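Contents: one structure, followed by commentary.
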Protein chains: 2
Amino acid sequence: MTLSRLNDTLPSMTTRKKPYHHGDLRQTLLNAAVELISSGGVENLSIRKLADQVGVSRTAPYHHFQDKNELLCAIAEQGFARQDQIMTDAKRYATGDNLAEIFETYVLNYLRFADQNRETYDLMYGREIWRAGKPTESLQAVSRHSFRIWRQWIETLFEQGMFDRNESPRRIAQAHWASLHGLCRLFNDGVYINHEERDDIARTMLRAMLRAGG
Amino acid sequence: MTLSRLNDTLPSMTTRKKPYHHGDLRQTLLNAAVELISSGGVENLSIRKLADQVGVSRTAPYHHFQDKNELLCAIAEQGFARQDQIMTDAKRYATGDNLAEIFETYVLNYLRFADQNRETYDLMYGREIWRAGKPTESLQAVSRHSFRIWRQWIETLFEQGMFDRNESPRRIAQAHWASLHGLCRLFNDGVYINHEERDDIARTMLRAMLRAGG
DNA sequence: CGTTCAATCTTGACAGTGTCAAAATGCCTG
DNA sequence: CAGGCATTTTGACACTGTCAAGATTGAACG
């Protein structure tokens, strides 16, 4: 029962490392966890259900994550990695002349990511981990890195004179990210529900940000 | 059940009505619930603990709230009532000449409320109710009212020409409230932790909002 | 004044949760 | 092939929300 099922779980590709009984249980758990929260939110994720889904006993996950909190942190961390990649890709492919336009698509991509990965986004920036739980050291590092990227964006625009010179770039980065985040949250949390308005509101927001430069 | 519940809800000050066994259990539960979440967040609130605190059996609360969700909605509703009062008071006492200044204190008061009533704020605008749970009809009504007050503020400023005339007041109201809310969230959720910066960031935000008018 | 009634509260139960302790399994190294 | 140790399981405990059924009792009515 245990053995054969374990093998089924993994394709065991060509040179797939099967470190132990299950082989890659950690990643399998992560994938299943993301699936679980994607359909029903974090409140739909229980260690037991997760273990069941993967075909392993209730407490098996505890050898790969100290806690439920650590599991959630791992999901969030993955989320940051994906987001960073998407965002840098967006920047790369936007071979625009106009810096403001590039920034706009950058921002709209941020919104889109939050929308398409609601539950992950909630974990990345939400109370579950940052207030109710305890962010892992490595999660903190990754998130700091993510904010640094944003700040560099702002500094670039700042140097181009697109913001008020009297403000500190740091403050602008904080304030404008908060704005962006707030919009994500209102949609993500179901307070704003008309998703067609999303980009429109964002553009109004962007205009206020950038017009404030002149 | 429906009728008498209305009586419980009211304080009926001088002539303290003790409609039944406990008398005023509903409000007592609400108060204890707010206390519980204030010290430990919503994850520290369980119906059983709540009932224990009040000195009543586990299932007694279910005669005043259909569910835990309804209890949370009631807390949020109270929160809206308090916030509305605080905000209108702030507007009244701010007998300023400069409209922008009045608006600033208004906004700073909003932030202060969110900060001093974190857990209630989370319930008022958070996923727990609006996405994971189901907002009560009356909660929806109250929250709509609250947003209307904000929109009226924006419209007033708009008519005074403090925003870009090309934007719709509705969009501005949405975008700027999202900004404000985002800032609250980042502090409330523990993502931003340096609370001394709060008002400073808010003022940078405000300048961007208002400067965008010229 | 006593009976009835319905709102209120209690007790018991069930399925679910996170997580700890101890036992079992089985791969790798010697 | 034997030992060790990472991995997994089983059992248990204290919680959770909430349902069903019974007990209590304030008030309305005869």
Side-chain angles (χ1 to χ4, degrees), chain A residues 1-10 12 16-29 32-33 36-37 40-75 128-129 132-134, chain B residues 1-9 12 15-29 32-33 36-37 40-75 128-129 132-134:
Chain A
M1 167 201 179
T2 38
L3 246 187
S4 55
R5 189 185 302 174
L6 296 178
N7 286 337
D8 301 349
T9 320
L10 265 195
S12 73
R16 184 56 154 242
K17 242 215 261 174
K18 291 179 152 197
Y20 221 91
H21 297 152
H22 175 277
D24 228 355
L25 178 56
R26 193 188 137 99
Q27 190 57 46
T28 306
L29 286 171
L36 274 180
I37 64 174
V42 72
E43 55 273 341
N44 189 42
L45 169 61
S46 80
I47 300 281
R48 295 165 106 107
K49 215 187 293 185
L50 177 61
D52 231 51
Q53 197 108 57
V54 171
V56 77
S57 86
R58 303 146 255 156
T59 61
Y62 284 89
H63 283 260
H64 300 270
F65 307 97
Q66 218 170 48
D67 273 329
K68 191 178 183 181
N69 178 68
E70 265 205 3
L71 169 65
L72 298 180
C73 286
I75 299 175
E128 182 88 45
I129 286 178
K134 271 186 189 156
Chain B
M1 172 196 184
T2 39
L3 249 186
S4 58
R5 188 189 296 178
L6 294 177
N7 286 337
D8 300 348
T9 320
S12 70
T15 53
R16 179 56 157 261
K17 241 207 230 157
K18 291 182 150 196
Y20 221 89
H21 298 153
H22 175 280
D24 227 355
L25 178 56
R26 193 189 136 100
Q27 189 57 45
T28 306
L29 287 171
L36 274 181
I37 64 174
V42 71
E43 54 273 342
N44 189 41
L45 168 62
S46 80
I47 300 281
R48 296 165 105 106
K49 214 188 294 186
L50 178 61
D52 231 49
Q53 198 109 54
V54 170
V56 71
S57 86
R58 303 146 254 155
T59 60
Y62 284 89
H63 286 260
H64 299 270
F65 306 98
Q66 220 170 44
D67 273 330
K68 192 178 184 182
N69 178 68
E70 265 206 3
L71 169 65
L72 298 180
C73 285
I75 298 175
E128 181 89 45
I129 286 177
K134 271 186 190 158

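All values derive from a computational prediction rather than experimental measurement. The basis for the numbers below is simple: all heavy atoms, side chains too, and nothing from hydrogens, waters or symmetry mates.
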Decide yes or no on side chain to side chain contact (heavy atoms under 4.5 Å, CB included) for B:N69 and B:C73, but give the supporting numbers first.
CA-CA 6 Å; B:N69 178 68; B:C73 285; 4.1 Å; yes
Check the pair A:L71 / A:L50 against side chain to side chain contact (heavy atoms under 4.5 Å, CB included), numbers first and verdict last.
CA-CA 11 Å; A:L71 169 65; A:L50 177 61; 3.7 Å; yes
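Taking atom CG on B:N44 and atom P on C:dT17, their separation rounds to 21 Å, with Å as the unit. If you measure from atom CD1 of B:I47 to atom P of D:dC19, you get 11 Å, rounded to the nearest angstrom. Look at CG on A:L50: it is 16 Å from P on C:dG16, rounded to the nearest Å. For the pair B:L36 CG and D:dG17 C1', the interatomic distance rounds to 16 Å; values are reported in whole Å. Atom CD in A:Q53 sits about 12 Å away from atom P in C:dT17, given to the nearest Å. One can place CZ of A:R26 at 17 Å from P of D:dA6, the figure rounded to the nearest angstrom. Between the CZ atom of B:F65 and the C1' atom of C:dT8 there is a distance of 14 Å, given to the nearest Å. In this structure, B:D52 places its CG atom 16 Å from P of C:dC9, rounding to the nearest Å.
Without hydrogens or angle criteria, A:N44 side chain to A:I37 main chain gives no donor-acceptor distance under 3.5 Å. Remark: side-chain polar atoms of A:K134 are not paired, donor with acceptor, to backbone N or O of A:E70 under 3.5 angstrom.
Side-chain contact between B:F65 and B:I47: absent, with no pair of heavy atoms (C-beta onward) separated by less than 4.5 Å.
Counting heavy atoms of neighbouring residues, nucleotides and ligands inside a 6.0 Å radius, atom NZ of B:K49 exceeds 12 of them.
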Below 3.5 Å between N/O atoms, which protein atoms pair up with nucleotides 10-14 of chain D? Just atom names and distances, please.
unit_1, atom_1, unit_2, atom_2, d
D:dT10, O4, A:T59, OG1, 3.1
D:dG11, N7, A:R58, NH1, 3.0

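Distance check, rounded to the nearest 0.5 Å: NE2 of B:H64 to OG1 of B:T28 gives 9.0 Å. Going from atom CG of B:L29 over to atom CD of B:Q27 covers 9.0 Å, rounded to the nearest 0.5 Å. One finds the CD atom of A:E43 at 7.5 Å from the CD atom of B:E128 (value rounded to the nearest 0.5 Å).
Of the residues in residues 66-73 of chain A, A:D67, A:K68 come within less than 4.0 Å of DNA chain C through at least one heavy atom, sorted by number.
For the pair A:H64 and D:dA6, the criterion of a side-chain N or O lying under 4.0 Å from OP1 or OP2 is not met.
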